[in-house]
Engineer: 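Take this structure, written in structure tokens, and hold onto it; I'll ask about it next.
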Amino acid sequence: MWVGMIIFLYGFVRWIDSPIQHCSKYEKCNCEISQYCNKFGQPKSAEDFESFNTWQIIMPLAIGLALAGGFISNRFKKLNQPWHDKNNP
């Protein structure tokens with residue numbers, strides 16, 4: 001679960017000005033400098049664009065795996081606990 005939170009926070013801090021998209025989607029972007037821009041029209045490199053897309057794919061997978069792992073772990077905890085009858089101590 002911590003891994004999913006760390007990946008989310010990493011992307012939130014690194015790409016606070018996301019999304020990074022192709023300049024043709026923004027009117028205020030200066031396409032002479034770069035092919036990619038953030039939501040404010042500031043130019044971004046192709047490496048920034050690729051790393052943002054990678055994070056965008058990995059983040060939901062990591063959070064989904066963390067939630068599934070927590071659910072499975074919780075189910076095994078409940079199965080391994082001894083069953084006690086309240087009437088018979």
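Predicted model, so just to flag it, every value in this text is computed and none were measured.
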Engineer: Does the side chain of P19 reach to within under 4.5 Å of the side chain of K39, using non-hydrogen atoms?
Structural biologist: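 A side-chain contact exists here, since the closest heavy-atom pair is under 4.5 Å.
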
Engineer: Do E50 and I20 come within less than 4.5 Å of each other through their side chains, counting heavy atoms only?
Structural biologist: no

Engineer: With distance as the sole test, does S51 use its side chain to make a donor-acceptor pair with the main-chain N or O of E47 at under 3.5 Å?
Structural biologist: yes

Engineer: Does I58 share a hydrophobic cluster with W55, counting links as ILVMFWY side-chain heavy atoms below 4.5 Å and allowing steps through other members?
Structural biologist: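 Yes, same cluster.
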
Engineer: Do Y36 and H22 have side chains that approach each other closer than 4.5 Å (heavy atoms only, starting at C-beta)?
Structural biologist: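 Touching, per the 4.5 Å side-chain cut-off.
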
Engineer: Would you say the side chain of F52 lies within less than 4.5 Å of the side chain of S18, judging by non-hydrogen atoms?
Structural biologist: yes

Engineer: For the atom pair CD1 (I72) and CG (L65), what is the distance rounded to the nearest 0.5 Å?
Structural biologist: 9.5 Å

Engineer: Assert yes or no for the condition that the ring centre distance of W15 to F49 is strictly below 6.0 Å.
Structural biologist: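 Not under 6.0 Å, so no.
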
Engineer: Do K44 and D17 come close enough that some side-chain heavy atom pair is under 4.5 Å?
Structural biologist: yes

Engineer: Please report the interatomic distance CD1(I63) to CG(L67), rounded to the nearest 0.5 Å.
Structural biologist: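 Spacing of CD1 (I63) from CG (L67) equals 7.5 Å.
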
Engineer: Say you draw a straight line from CG of D48 to CD of Q42; how long is it, rounded to the nearest 0.5 Å?
Structural biologist: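 Atom-to-atom, D48:CG and Q42:CD are 11.5 Å apart.
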
